[in-house]
Amino acid sequence: MQHFSDILSGLNERQKEAVLTTEGPLLVLAGAGSGKTKVIAHRIAQIIQRGASPKRILAITFTNKAAEEMKIRIAQLLLADGKSGSAASRKSPSPDSMPFVGTFHALGVQILKRHGSRMLIPQNFTILDESDTKQVCKELGEELALDTDTYDTERLRASISRLKNELISAADFARESAQEDERAYEAILSKMYSAYEARLFKTGSLDFDDLLIKTVFLLETQKDVLGYWQKQWDYIHIDEYQDTNKAQYAVSLLLAREHKNIAVVGDIDQAIYSWRGGDTRNISYFERDFPNARVIALEDNYRSTKIILEAAHNVIVHNAQRKNITLRTKNPDGERITIRVLENEKKEAETIVQDIGALQQSGVPFSDIAVLFRTNAQSRAIEEAFVQSAVPYKLVAGVRFYERKEIKDVLSYIRYIANKKDTLALKRIINTPLRGIGAVLAAKYVAQKPLKDNEKARIGQFENMIKDISDVAKTKKIRELLKYVILRAGFKKHHSKTDDGKDRIKNIEELITVADKFEGLTPKESMEKFLEEAALMSEQDLIAQGSEKVHLLTAHAAKGLEFRVVIIAGMEEGLFPHVLSQEEGRTEEERRLFYVALTRAKEKVVITLTTRRMLWGELLFNDPSRFLREIPQHLTTINEYKEALEEESGETIHYS
DNA sequence: GGCTTGCCTGTTTTT
DNA sequence: CAGGCAAGCC
Ligand SMILES: Nc1ncnc2c1ncn2[C@@H]1O[C@H](COP(=O)(O)OP(=O)(O)OP(=O)(O)O)[C@@H](O)[C@H]1O
């Protein structure tokens, strides 16, 4: 037993109990910063230490970034314990010696790649992102001749996603809505859903929801497949359990119900994804389906100061639908929370950057500081201030890297090479860069209609190019393949024409850097893995590890992370809580989001808000967020902008 | 077929 | 205010 010591040292009694409870169901419910994620990492290391094969361990995280972190932590623990002799580093170790650590979506990809053919899902399926699915719905809206004034294809798309999250298939829904008047929304939705599924099938594509729902259907209908995966993993772990949805719950139940070695950890107060199907009732379902589950509460917070924790506590207790939990800390009281009221978003941004400058002077590295906000749109003003004052920063949101136009264009070539049924990608690349194949001819070609001679010539050139690229793909890995695509399709020239072309080329070059990671694989594998990563990448993946940069991110994207100093910007009514979430239940989720934001901080919280803010060229006069009144006054220091107010009113009188 | 212009509309969070 | 999109011009 002695060799467990390293893995168990540095854990409190409850944490040790959770780590050592490896057989049977385990539910860890505990507040922010209490070491839930740490427990999972140590538990896995401990199981491996005890002699289990890493391959038989499954761990589900909320993001890919969290998965990478988890792998590193496990590897370091094992190394510290002196069992595995290979070199330690921040790099994740080889897959064979490591458990499967990934998101539910990544798990779905793995299962569907292996056994999806049972459900007529090709091995080389394309994963559609949200903009792809929007495009599909738009096209289908036109093809089905829906009256777009009455039927918003975007709303239909959202409805389809909601149905999928509820595990309702197109066939199920068609049955359910059969009685409806054919003009009723349900009837149109049903028609759309079926057409959508047919289109995805025809193009060999799956959307994000499919990665979960098709996995559930596969495991439910194919006994031997279920058996295969049940036997694959003897120990199952799930982090951030409060935000799992119905399909994810089903997957975990299916995989765990035989051996019942399943450990889930979560915090109901941190449930912030209900709009995506996240359902905290999964915790009660867990207790129902695993009635003998050991339940462990962790009550010590190791992250934050007493003041931060007390503030967060006083905020969250305003939620009516909530069970109280204990969370205490031995950390010092720490500094009061600073609340700064600024004149407008520009001043807010400047103040934030000034504060950060002062913090750095006093010895806080930039990388220990994060600026959190409710909406991505807020980042623009803040970014400008960073650029102005040359403080290094990393925006962990905004236009996701792989969704940038120039990136998606290049990516679509690879997608099409990998899956020739992917007509969405085909339509995108056929005339990008421009090569004289307009919408009309493209549609004709995709529909395989006969072409005129001059049309054939243009299409022939395109086909030759695709053939050349396909040939290269057979022998060269993704990195070289990308370079070839860029060359052969003429992207450099294409981008040299526009103003922001330099930035775009820079982004494309970054894409090639990403591809470096897959050099160790065969050409085919490297292409597949690359596409998978591109489709499943999470925002947190953009976090600049080890670099001296302030991180700018939404409160949602900060889930699970921690920083010495957290600055929360835009703490105003209408923004936080957001104007679109002000109905009853949804304000509670906004409050939880604020709770998450506060509890990311180890040492210091600064909250900023403005009295006026520009939104779409209109001046808004927002009140301070209701959540601020919930923080006891003795925990805060308020900085109003008195002089600024006076100046401003003087100006107003003078000039208008 | 490709490009420009000007209108319009939509306001949140993301695997 | 910005991005998307249709109409209209070259
Ligand atoms: N027993 C312990 N002793 C010292 N530090 C600990 C202990 N347990 C956890 N920590 C530290 O506390 C911090 C929070 O841990 P962790 O991220 O695992 O918490 P969590 O419960 O998953 O948090 P959250 O739910 O807020 O994301 C980490 O820095 C971790 O190293």
Side-chain angles (χ1 to χ4, degrees), chain A residues 60-67 102-109 127-131 133-135 138 148-149 152 154-155 158 161 164-165 206-213 240 243-245 247-248 271-278 345 372-381 396-400 402-403 405 430-443 454-455 458 497-498 532-542 553-560 570 574-582 586-587 589-590 592-594 596-597 613-620:
Chain A
I60 304 288
T61 56
F62 200 70
T63 62
N64 292 308
K65 170 75 165 39
T103 62
F104 270 110
H105 291 87
L107 174 68
V109 170
I127 302 169
L128 303 184
D129 68 21
E130 193 174 310
S131 67
T133 63
K134 278 184 183 164
Q135 186 62 31
K138 214 184 115 202
T148 47
D149 287 342
D152 177 1
E154 175 49 29
R155 186 174 156 215
S161 176
K164 287 191 173 188
N165 278 325
L206 298 179
D207 63 24
F208 280 135
D209 301 318
D210 284 336
L211 298 177
L212 307 174
I213 182 175
E240 305 284 7
D243 274 318
T244 52
N245 68 21
Q248 293 168 335
I272 53 174
Y273 282 91
S274 75
W275 49 274
R276 210 177 76 181
E345 69 270 28
L372 309 190
F373 35 80
R374 178 65 182 82
T375 68
N376 284 304
Q378 287 169 257
S379 70
R380 182 172 301 186
V396 189
V399 184
R400 310 250 296 289
Y402 289 105
E403 283 177 17
K405 190 186 173 317
I430 196 163
N431 204 26
T432 312
L434 296 175
R435 53 177 74 87
I437 303 176
V440 179
L441 177 52
N454 68 336
E455 292 174 336
R458 274 174 286 164
K497 288 180 207 147
T498 55
E532 184 186 326
E533 164 146 330
L536 296 183
M537 190 193 78
S538 61
E539 304 213 314
Q540 284 188 2
D541 297 358
L542 296 168
L553 63 170
T554 64
H556 279 92
K559 186 185 177 86
L575 246 190
F576 205 167
H578 197 271
V579 63
L580 293 183
S581 327
Q582 296 199 337
R586 308 196 62 190
T587 325
E589 181 146 314
E590 295 280 309
R592 289 193 293 271
L593 184 59
F594 183 45
V596 169
R613 181 179 293 274
M614 257 334 201
L615 186 64
W616 292 343
E618 232 183 325
L619 199 56
L620 293 184

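Lettering of chains follows the sequences in order, A, B, ..., and the numbering in each one begins at 1.
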Could you give the distance separating C/dG4 and B/dT13 at their P atoms, to the nearest angstrom?
15 Å
Contacts under 3.5 angstrom, residues 430-441 of chain A side chains, donor-acceptor by atom type, not counting sequence neighbours:
{"from": "A/N431", "atom 1": "OD1", "to": "A/R435", "atom 2": "N", "distance (Å)": "2.8"}
{"from": "A/N431", "atom 1": "OD1", "to": "A/G436", "atom 2": "N", "distance (Å)": "3.3"}
{"from": "A/N431", "atom 1": "OD1", "to": "A/I437", "atom 2": "N", "distance (Å)": "3.1"}
{"from": "A/N431", "atom 1": "ND2", "to": "A/I437", "atom 2": "O", "distance (Å)": "2.8"}
{"from": "A/T432", "atom 1": "OG1", "to": "A/R428", "atom 2": "O", "distance (Å)": "2.9"}
{"from": "A/R435", "atom 1": "NH1", "to": "A/I429", "atom 2": "O", "distance (Å)": "2.7"}
{"from": "A/R435", "atom 1": "NH1", "to": "A/I430", "atom 2": "O", "distance (Å)": "2.8"}
{"from": "A/R435", "atom 1": "NH2", "to": "A/Y413", "atom 2": "OH", "distance (Å)": "2.8"}

Distance, rounded to the nearest Å, where A/H556 contributes NE2 and B/dT14 contributes P:
7 Å
Atom pair distance, as rounded to whole Å: CG in A/D129 and C1' in B/dT14:
12 Å
State, yes or no, whether a side-chain contact exists between A/D207 and A/K164 at a heavy-atom distance under 4.5 Å.
yes
Contacts of type side-chain contact (heavy atoms from CB on, under 4.5 Å), residue A/S581, not counting sequence neighbours
A/R374, A/H578, A/R586, A/E590
Nearest to the side chain of A/R374 - B/dT15, B/dT14, B/dT12?
B/dT12
Mind checking A/E130 for me? I need base, sugar-phosphate or nothing, with any heavy atom below 4.0 Å counting as a touch.
base
Rounded to the nearest Å, what distance is computed from the NZ atom of residue A/K65 to the P atom of nucleotide B/dT14?
16 Å
Heavy-atom donor-acceptor pair, A/R276 side-chain to B/dT12 base, under 3.5 Å
no
Interatomic distance, A/L107 CG vs B/dT15 P [rounded to whole Å]
17 Å
Quick one: is B/dT13 close enough that its OP1 or OP2 comes under 4.0 Å of any side-chain N or O from A/N376?
yes
Distance (rounded to the nearest 0.5 Å) between A/E240 CD and A/T61 OG1:
9.0 Å
Salt bridge (Lys or Arg N to Asp or Glu O under 4.0 Å) partners for A/E345, two or more places apart
none
Produce a footprint string for nucleotides 2-10 of chain C: one letter per nucleotide, 5' end first; B if the base is under 4.0 Å from any protein heavy atom, S if only the sugar-phosphate is, - if neither.
S--S-----
Grab the CZ-P distance between A/R586 and B/dT13 for me, whole Å please.
12 Å
Output all residues satisfying ring pair (Phe, Tyr, Trp, His ring centres under 6.0 Å) with A/Y273, sequence neighbours left out; order by chain, then residue number.
A/F62, A/W275, A/H556
Of all the choices, B/dT15, B/dT14, B/dT12, which nucleotide is nearest to the side chain of A/S581 once you look at every atom?
B/dT12
For the side chain of A/E590, counting heavy atoms from C-beta on, which of B/dT12, B/dT14, B/dT15 is nearest?
B/dT12
Steps toward side-chain contact (heavy atoms from CB on, under 4.5 Å) verdict (A/L536, A/L211)
CA-CA 10 Å; A/L536 296 183; A/L211 298 177; 3.7 Å; yes
Between B/dT13, B/dT14, B/dG1, which nucleotide has the shortest distance from any of its atoms to the side chain of A/Y273?
B/dT14
Taking A/D243 as the fixed residue, which of A/K559, A/R276, A/Q248 is the one that meets the side chain to side chain contact (heavy atoms under 4.5 Å, CB included) rule?
A/K559
Does a side-chain heavy-atom distance below 4.5 Å link A/L620 with A/L575?
no
Can you measure from CG (A/L593) to OG1 (A/T587) and round to the nearest 0.5 angstrom?
12.5 Å
Phosphate-side-chain proximity, A/T554 and B/dT14, N/O vs OP1/OP2 below 4.0 Å
yes
In whole Å, what is the span from the OH atom of A/Y402 to the P atom of B/dT15?
13 Å
Using atom names, set out every protein N or O paired with an N or O of nucleotides 2-11 of chain B below 3.5 Å, distance rounded to 0.1 Å.
{"from": "B/dG2", "atom 1": "OP1", "to": "A/G436", "atom 2": "N", "distance (Å)": "2.9"}
{"from": "B/dG2", "atom 1": "OP2", "to": "A/N431", "atom 2": "ND2", "distance (Å)": "2.8"}
{"from": "B/dG10", "atom 1": "N2", "to": "A/W616", "atom 2": "NE1", "distance (Å)": "3.4"}

A/F62 has an atom CZ; how far is it from atom P of B/dT15, in whole Å?
8 Å
Please tell me which of A/E455 and A/D209 maps to the more 5' nucleotide of DNA chain B, matching each residue to the nucleotide holding its nearest heavy atom.
A/E455
May I have the distance from A/D243 (atom CG) to B/dT13 (atom P), rounded to whole angstrom?
16 Å
